[in-house]
Participant: 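Before I ask anything, here is the structure I am working with.
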Amino acid sequence: MRGAVIHAPRDVRFETLDDPTILHPTDAVIRTAVTCVCGSDLWPYRGAEPIGDPHPMGHEYVGFVEEVGSEVTAVRPGQFVVGSFATCDNTCANCRNGFTSNCLRREFMSTCQAEYVRIPNAQGTLVATDGVPDERHWPGLLAVSDVMGTGWWAADAAEVGPGSTAVVVGDGAVGLCGVIAARELGAERIIAMSRHEPRQQLAREFGATDVVAERGEEGVARIKDMTGGIGADCVLECVGTPEAMRQALHSARPGGNVGFVGVPHDVAIDGQALFFSHVGLRGGPAPVRRYLPELIDQVLSERIDPGKVFDLALPLDQVAEGYRAMDERRAVKALLKP
């Protein structure tokens, strides 16, 4: 098969790879329908994470089951399935407590920008749709496998609820999906922090009631001005930089909550400042599997359309251009079709 391999910063190549096979009775192999480039893929691409030896890339996927291991009964060959970037058995104590991305048998997906993918823990990870969805829904279902599920987790962790005021820090795909989640969870006011007009427009389409272009302490001051000097009830941190985390923590009111889902890079929390702020902080890798059935249904019923975050569609063999476009902010998110 063919797939994406990263060799060095800004060096992604489309190469011939070994076909995936069933290694364990809990595995499945799928034929990729669509996959994509994630904002978190840009960390190694930009040299902010070590790459080491050349290796495949990608952790978002939907596709058709080709083969299953002997212990997989939840899905069968021919079915269209959606999974998560973090695989799980969906039965261990952590899974039963809702934290499927901390499954005791968890494996993180990392080979999905390819024509075929082996899915570990397929029994607990994969969710089949009723029949093959119309192709117009494939982008939305692909978003559910990570960015929509992660945006939902950000809103859930921040305890967004009916009547609340939510601030979304980050205007990438996760942040934009966080706007959708905040709307669906009942936020009365949703403030998207963005300096990029096309992303501002999409945030408003997704449900943002306000847009703030200022960043850092200026952005915090703007949020305080808009909330009677107090701060927001809920803040979704969807970036992972020290600046974004500070902005998120300082934008929340005393007793408010921050849900942080941006993979942290050089982020350090001042414990004393957090202690006296009375701000709650929760985050981590999104337990996407927990939300899959509900989010799949919302996409197929067209209640939500997170597939709109894909503003660039390319053949899979042009994956390197997808990385370049996102790195240069010419695209929010690049969809790849084998």
Side-chain angles (χ1 to χ4, degrees), residues 1-32 34-63 66-67 69 83-88 101-122 125-126 142 145-147 150 172-174 239-241 261-267 284-286 288 312 314-328 331 333-338:
M1 71 168 187
R2 304 273 282 170
V5 176
I6 189 167
H7 286 256
R10 293 184 168 79
D11 183 6
V12 171
R13 308 177 195 175
F14 191 63
E15 300 182 345
T16 299
L17 302 167
D18 291 337
D19 291 337
T21 59
I22 300 294
L23 301 181
H24 306 288
T26 50
D27 290 347
V29 173
I30 68 167
R31 173 171 56 86
T32 308
V34 282
T35 183
C36 57
V37 181
C38 183
S40 62
D41 293 331
L42 298 180
W43 292 109
Y45 184 78
R46 291 169 171 164
E49 288 180 0
I51 293 171
D53 293 334
H55 56 82
M57 289 289 287
H59 53 265
E60 297 159 283
Y61 59 96
V62 295
E66 291 282 303
E67 185 180 2
S84 165
F85 66 88
T87 72
C88 65
S101 52
N102 226 310
C103 175
L104 297 175
R105 296 173 181 82
R106 174 187 67 190
E107 293 186 41
F108 287 113
M109 298 300 299
S110 60
T111 64
C112 297
Q113 290 162 7
E115 295 169 331
Y116 294 86
V117 185
R118 180 181 72 89
I119 312 295
N121 298 310
T125 302
L126 297 177
L142 178 61
S145 77
D146 183 357
V147 291
T150 297
V174 171
V239 183
T241 63
V261 300
V263 180
H265 286 72
D266 300 319
V267 171
V288 169
L312 176 65
L314 297 167
L316 181 59
D317 61 8
Q318 294 182 29
V319 58
E321 169 57 18
Y323 275 83
R324 283 192 295 269
M326 289 177 61
D327 178 44
E328 296 166 7
K333 193 165 179 67
L335 182 139
L336 305 167
K337 179 116 183 243

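Since the structure is predicted, the reported quantities are computational estimates derived from the model, not experimental observations. We number each residue from 1, following the sequence as shown.
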Participant: Quick one, R106 and N121 - any side-chain contact, counting heavy atoms below 4.5 Å?
Facilitator: no
Participant: Kindly give the heavy-atom pair with the smallest separation between P338 and T32, and that separation in Å.
Facilitator: CG-O, 3.5 Å
Participant: Per the side-chain contact (heavy atoms from CB on, under 4.5 Å) rule, which among T125, D27, T26 passes with P120?
Facilitator: D27
Participant: Does the distance from a Lys or Arg side-chain N to an Asp or Glu carboxylate O, for D317 and R2, drop under 4.0 Å?
Facilitator: no
Participant: How long is the gap from CD1 on I30 to CD on E115, to the nearest 0.5 Å?
Facilitator: 12.5 Å
Participant: If you take all heavy atoms of W43 and V263, which pair is closest and at what distance?
Facilitator: CZ2-O, 4.1 Å
Participant: Could you check K333 against V147 for side-chain contact (heavy atoms from CB on, under 4.5 Å), going step by step and ending with a plain yes or no?
Facilitator: CA-CA 10 Å; K333 193 165 179 67; V147 291; 3.9 Å; yes
Participant: Shortest non-hydrogen contact from T87 to R105?
Facilitator: OG1-O, 4.4 Å
Participant: Find out whether F85 and P285 are in side-chain contact, i.e. whether some heavy atom of one side chain is under 4.5 Å from a heavy atom of the other.
Facilitator: yes
Participant: For a side-chain contact (heavy atoms from CB on, under 4.5 Å) check, start with the C-alpha distance between L17 and M1, then their side-chain angles and the critical distance, and finish with the verdict.
Facilitator: CA-CA 6 Å; L17 302 167; M1 71 168 187; 4.1 Å; yes
Participant: I need the M57 CE to S40 OG distance, nearest 0.5 Å.
Facilitator: 7.5 Å
Participant: For the CD atom of E321 and the CG atom of L314, what is their distance to the nearest 0.5 Å?
Facilitator: 6.0 Å
Participant: May I ask you to test the S145-E60 pair for a side-chain heavy-atom distance under 4.5 Å?
Facilitator: yes
Participant: Any chance you could measure D41, atom CG, to C36, atom SG, to the nearest 0.5 Å?
Facilitator: 8.0 Å
Participant: Mind running side-chain contact (heavy atoms from CB on, under 4.5 Å) on R46 and R10 for me, showing each step along the way?
Facilitator: CA-CA 6 Å; R46 291 169 171 164; R10 293 184 168 79; 3.7 Å; yes
Participant: What heavy-atom pair brings A28 and L126 nearest, and what distance separates the two atoms?
Facilitator: CB-CD1, 4.1 Å
Participant: How many angstroms lie between atom CD of E49 and atom CG of L42, to the nearest 0.5 angstrom?
Facilitator: 10.5 Å
Participant: Can you find a pair of side-chain heavy atoms, one from I6 and one from H55, that are under 4.5 Å apart?
Facilitator: yes
Participant: If you round to the nearest 0.5 Å, how far is CD of E107 from CD1 of I119?
Facilitator: 10.5 Å
Participant: If we only count heavy atoms from C-beta on, is the V288 to S101 side-chain gap below 4.5 Å?
Facilitator: no
Participant: Nearest heavy-atom pair of Q113 and V37: which atoms, and what distance?
Facilitator: NE2-CA, 3.7 Å
Participant: Nearest heavy-atom pair of H7 and P54: which atoms, and what distance?
Facilitator: ND1-CG, 3.5 Å
Participant: Give the intermediate values and the outcome of side-chain contact (heavy atoms from CB on, under 4.5 Å) for residues T111 and R118.
Facilitator: CA-CA 8 Å; T111 64; R118 180 181 72 89; 6.0 Å; no
Participant: For the residue pair Y45 and Y323, does the interplanar ring angle fall in the parallel (under 30°), tilted (30 to 60°) or perpendicular (over 60°) class?
Facilitator: tilted
